[in-house]
Structures are given as structure tokens and as C-alpha cells.
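A short worksheet on the structure shown next.
Basis for what follows: all heavy atoms, side chains included, without hydrogens, waters or symmetry-related copies.
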Amino acid sequence: MAAPQQVQVRAAPLARALRFRTRVAAATTAASSPERALLGLSEPELRQLAVDLGQQSYRGKQLHDLLYKSRAKQIQEFSHVPKVFREALVGAGWKVGRSPVHHAVTASDGTTKILLKLEDNRLIETVGIPVDDDKGPSRLTACVSSQVLAIEETFKHRVTNVVFMGMGEPMLNLKTVLEAHRCLNKELKIGQRMITISTVGVPNTIKMLASHKLQSTLAVSLHAPNQKLRETIVPSAKSYPLEALMDDCKNYFLETGRRVSFEYTLLAGINDAKEHAEELAELLHTCGGGYHVNLIPYNPIQGSEYKRPYRKVVQAFVDALEARKITVSVRQTRGLDANAACGQLRNEFQKNPLLESSPSSEANLVPA
């Protein structure tokens with residue numbers, strides 16, 4: 001059960017996001033698509049594409065501006081380039097690559113959940129969480145899935161922080177995540193330190209990520225202070241012993257100089273006791289420095305056996321960690337009335353399969 005992750009963005013109030021066509025961060029197209037997406041290509045790549053299709057190199061720069069500044073939705077909207085070039089792009093199987101909004105809801109606190117529909121009928125979701133300060137709306141925290149990495153758009157606001165989250169294990173899509181990382185950094189000018197890659201832990205992949213020496217944050221969905229308990233909460237933990245996971249996290253810090261954030265979802269009566277906090281502190285001390293604990297009080301889900309702990313229980317957990325010199329923060333809960341935790345809204349729509357383009361046929365919704 002990977003915890004929901006975050007993306008921070010400077011933005012106007014998110015409640016207005018529903019009026020907009022979604023924009024965003026960056027990406028590649030879904031692997032199952034027979035076409036190729038322009039969105040996600042760098043300016044040098046677009047320049048080369050222009051040359052390959054018989055155009056001058058500067059036409060690639062025009063494509064870059066149309067994609068990332070004008071946010072064109074279709075090749076037919078590329079009015080700044082010759083018709084023959086547009087026809088050549090279509091003929092070669094290229095498309096812009098933006099996914100339509102299938103559904104969107106906004107919670108009373110301004111949190112917005114958007115479902116994007118891919119061509120193969122899969123749904124991917126993203127959550128936008130507005131954060132205000134004394135001067136008014138200042139940031140937008142967004143959660144984006146990485147299982148089907150077509151993250152070409154989410155919100156129309158200027159994205160400054162991006163997190164690839166666990167509704168789709170990023171480490172199982174590492175090559176694509178790294179490509180999207182490059183696009184976010186180079187094309188959309190989002191700093192590496194503003195990008196977080198969240199993982200529940202996949203053997204050998206953290207070492208691979210560390211070898212790239214990115215200045216991004218690694219967020220590990222821990223959720224338990226020992227192997228036995230973790231296996232009951234995170235089934236995949238059976239293939240990745242906690243000791244090995246912690247060793248890899250220590251190596252990541254040593255290789256990159258970037259601290260690791262340990263995500264810990266608090267489940268009432270399961271992993272939220274003071275004794276669990278004490279055991280967690282002991283575990284973290286064994287792996288040296290370079291870590292931070294992000295506590296996440298469980299977001300209730302209809303039909304789930306898990307419960308949200310009381311505030312006093314959460315505070316007692318915090319106090320136990322801080323007493324043992326562990327840096328800890330508690331994530332503010334948002335969007336409870338919008339099914340805004342990781343995967344919740346999409347799971348609701350899985351109960352009713354999406355229709356194919358033909359109204360007479362019905363397709364089973366493939367989990368994204």
C-alpha cells in the first residue's frame with residue numbers, strides 16, 4: 001500500500017482548475033499506443049525530427065514553442081508551421097499526446113482530483129492540493145501516477161515540484177521515469193530538487209537510481225518498523241528484506257548527498273503505537289544520517305478494514321520520534337470528500353467499465 005505522494009506548484013486557487021484544459025509537467029506516451037507522442041521530446045530532438053521530415057531545423061524550435069508554451073492539443077493547431085510539415089508529422093504517426101479529462105471532482109477544501117483517459121481505455125489520475133500562505137494562494141501540491149506514464153498534462157498552473165507516486169511503482173518504470181525527469185527538468189524548467197521519486201521498494205532499483213546521481217528526493221513507502229509487520233501492510237516487502245532496503249537507502253544518500261524521506265502511513269491499532277515509533281527510531285539510527293520521516297494519517301476508504309488514528313495517537317507517535325532525535329513531519333490531510341488519496345477516485349470508476357468509441361460495445365477497464 002504505497003502512500004499518496006505530492007507535487008508542489010505555484011498557482012492560482014485550484015478551484016478554478018476545473019475551468020481549464022489540463023496542462024502539465026511532462027511525459028512520454030503509453031507504451032501500448034501505436035502512435036508516437038511529440039510531448040516529452042526536447043528541443044534538439046524536435047529540431048532533428050524537423051530535419052528528418054525535410055524541414056529546416058528552426059521548425060523544430062517552433063514545434064517546441066507550440067508544445068510547451070502555446071500548449072497546442074492537436075497537430076492541426078500548429079498554424080505556425082507549413083501545412084506540408086503538419087501532414088508529414090501525421091503521416092509519420094506523430095501526435096501531440098495530450099490525454100482528455102474523463103472526470104474531475106473538487107473537494108470543499110479546494111483539492112481537485114482529475115482522471116485522464118488514455119487511448120487504450122486506461123485511466124490515470126492526478127490530485128491537485130492548493131496551499132495558501134499569508135499572501136494568498138501560493139503553491140499547488142499534485143500527485144501523479146507513474147504506472148502509465150503519460151503525464152503530459154495535469155493542471156494549467158505553473159508546476160514547480162513533481163512527485164512520481166506509488167499508484168504505479170516508479171521503479172518498475174524507471175527508464176520512463178528518468179525520461180520524464182529529463183523533460184521536467186530541461187523542457188519545463190523544474191529543478192531536480194523539486195522532483196521526488198516515490199517507491200515502495202523494488203530490489204536493485206534504488207542502486208540503479210543512485211548511479212544516475214540525480215539531485216531529486218527519494219521517498220520510500222516504509223509503513224512499518226520491522227519486516228514481519230511490513231509484509232502484512234506491503235505484500236511486495238516479502239521480496240525485499242527491510243535490512244537490504246535500508247542499506248540501499250543509506251547508499252542512495254552517500255551517492256547523491258540527498259536525504260531519503262521515509263513515508264509512514266499511520267493505521268489505527270496496527271502500526272501507530274508508541275512502541276512502533278521507538279522501533280522505527282532505532283531502525284533509522286542504524287542507517288546513519290540523511291533521512292526524514294513523513295507521517296501520513298490514513299485517509300479512510302469506503303470498504304477498507306483500515307482506520308484513521310486519533311490526533312492524540314498521531315501526536316504521541318511524533319513525540320516518541322522527536323524524543324529520539326528523528327526529524328519528522330505530519331502530512332496535512334486534504335480532499336477527504338473527493339476520494340483524493342492515491343487511487344481512490346479511479347477505483348470508483350473501475351466499478352463501471354468505460355465505453356469504447358462505439359456506443360454499442362463495452363470494454364473492461366484495465367487497471368492503470
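Under a 3.5 Å cut-off, the side chain of Glu263 and the backbone N or O of Leu222 do not form any donor-acceptor pair. At distances below 3.5 Å, not a single donor-acceptor pair connects side-chain atoms of Arg259 with backbone N or O atoms of Phe253. Under a 3.5 Å cut-off, the side chain of Tyr264 and the backbone N or O of Asn271 do form a donor-acceptor pair. At distances below 3.5 Å, at least one donor-acceptor pair connects side-chain atoms of His223 with backbone N or O atoms of Thr265. In this structure, the side chain of Gln215 does not engage the main chain of Gly257 through any donor-acceptor pair within 3.5 Å. With hydrogens and angles disregarded, no donor-acceptor distance shorter than 3.5 Å links the side chain of Arg47 to the backbone of Gly60. In this structure, Glu45 contributes its side chain and Ser42 its backbone to a donor-acceptor pair below 3.5 Å. Put simply, the side chain of Asp272 never gets that close to the backbone of Val313: no donor and acceptor are under 3.5 Å apart. Distance alone, capped at 3.5 Å, places no donor-acceptor pair between the Arg331 side chain and the Leu295 backbone.
Nearest heavy atom pair, residue Ala320 against residue Lys274, reads CB-CG, 4.1 Å. The shortest heavy-atom contact between Arg308 and Pro300 is CD-CD, 4.4 Å. Minimum interatomic distance between Thr217 and Ser261 (heavy atoms only, all atoms of both residues): CG2-CB, 4.4 Å. The minimum heavy-atom distance between Leu321 and Ala277, with the atom names listed, is CD2-O, 3.3 Å. The two residues Pro225 and Leu280 have their closest heavy-atom pair at CB-N, 3.6 Å. Across all their heavy atoms, Tyr252 and Val260 have their closest contact at CD2-CG2, 4.0 Å.
At a cut-off of 3.5 Å, with distance as the only test, a side-chain donor of Tyr298 or Ser304 sits close to an acceptor on the other residue. Donor-acceptor pairing under 3.5 Å is recorded for the side chains of Arg59 and Gln62. Of the N and O atoms on the side chains of Ser211 and Glu255, not one donor lies less than 3.5 Å from an acceptor on the other residue. Side-chain atoms of Ser79 and Glu77 include no donor-acceptor pair closer than 3.5 Å.
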- Query: Under the side chain to side chain contact (heavy atoms under 4.5 Å, CB included) criterion, do Asp248 and Thr205 qualify, and how do the steps go?
  - Reply: CA-CA 9 Å; Asp248 287 345; Thr205 57; over 6 Å; no
- Item | Test log, rule side chain to side chain contact (heavy atoms under 4.5 Å, CB included), inputs Ile296 and Leu266 | CA-CA 6 Å; Ile296 309 165; Leu266 290 168; over 6 Å; no
- Message: With side chain to side chain contact (heavy atoms under 4.5 Å, CB included) as the criterion, how do Val293 and Thr327 come out once you've worked through the C-alpha distance, each side chain's angles and the decisive distance to 0.1 Å?
- Response: CA-CA 6 Å; Val293 175; Thr327 303; over 6 Å; no
- Message: Please evaluate residues Thr199 and Glu169 with respect to the criterion side chain to side chain donor-acceptor pair (under 3.5 Å), reporting the C-alpha separation (whole Å), side-chain torsions for both, the decisive distance (0.1 Å), and the verdict.
- Response: CA-CA 6 Å; Thr199 178; Glu169 172 56 55; 2.6 Å; yes
- Walk me through it: do Leu267 and Lys307 pass the test side chain to side chain contact (heavy atoms under 4.5 Å, CB included)? CA-CA 6 Å; Leu267 306 170; Lys307 304 296 181 183; over 6 Å; no
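Atom CD of Gln56 is surrounded by 12 or fewer heavy atoms from other residues, nucleotides or ligands within 6.0 Å. Annotation for Glu87: atom CD counts as buried by contact number, over 12 foreign heavy atoms lying within 6.0 Å.
Residue Leu38 holds its CG atom at 5.0 Å from CD1 of Ile75, rounded to the nearest 0.5 Å. In this structure, Leu218 CG and Met171 CE are separated by 5.5 Å, a value rounded to the nearest 0.5 Å. With rounding to the nearest 0.5 Å, the separation of CZ in Arg36 from CG in Leu41 is 9.5 Å. Here the straight-line distance linking atom CG of Leu67 with atom NZ of Lys73 works out to 12.5 Å at 0.5 Å rounding. Between the OH atom of Tyr68 and the CD atom of Glu43 there is a distance of 10.5 Å, given to the nearest 0.5 Å. Between the CG atom of Leu63 and the CG atom of Leu49 there is a distance of 7.0 Å, given to the nearest 0.5 Å.
The shortest distance between side-chain heavy atoms of Ser198 and Ser221 falls below 4.5 Å. Contact check for Ser70 versus His80: no side-chain heavy atoms found under the 4.5 Å cut-off. Within the 4.5 Å cutoff, the side chain of Val328 has heavy atoms near those of the Glu322 side chain. Counting heavy atoms from C-beta on, the side chains of Arg98 and Arg71 come closer than 4.5 Å. For the pair Leu209 and Leu178, the minimum side-chain heavy-atom distance is below 4.5 Å. Put simply, the side chain of Lys95 does not reach to within 4.5 Å of the side chain of Leu89, judged on heavy atoms. Leu229 places none of its side-chain heavy atoms less than 4.5 Å from the side chain of Glu279. Looking at heavy atoms from C-beta onward, Arg258 lies out of side-chain contact with Ser216 at the 4.5 angstrom threshold.
Residues Val318 and Tyr310 do not share a hydrophobic cluster, defined by chaining ILVMFWY side chains whose heavy atoms lie under 4.5 Å apart. Taken together through direct or relayed side-chain contacts under 4.5 Å among Ile, Leu, Val, Met, Phe, Trp and Tyr, Leu53 and Val51 form parts of separate hydrophobic clusters. Linking ILVMFWY residues whenever their side-chain heavy atoms come closer than 4.5 Å, directly or via other members, leaves Val90 and Val84 in distinct clusters.
Aromatic ring centres of Phe85 and Phe78 lie farther apart than the 6.0 Å criterion allows.
Between Glu282 and Arg324 there is no salt bridge, since no side-chain N of the basic residue sits under 4.0 Å from a carboxylate O of the acidic one.
Contacts of Ser236 classified as side chain to side chain donor-acceptor pair (under 3.5 Å), with partners at least two apart in sequence or in another chain: none. The ring-ring contact (aromatic ring centres under 6.0 Å, His included) check on Phe262 picks up nothing, with sequence neighbours excluded.
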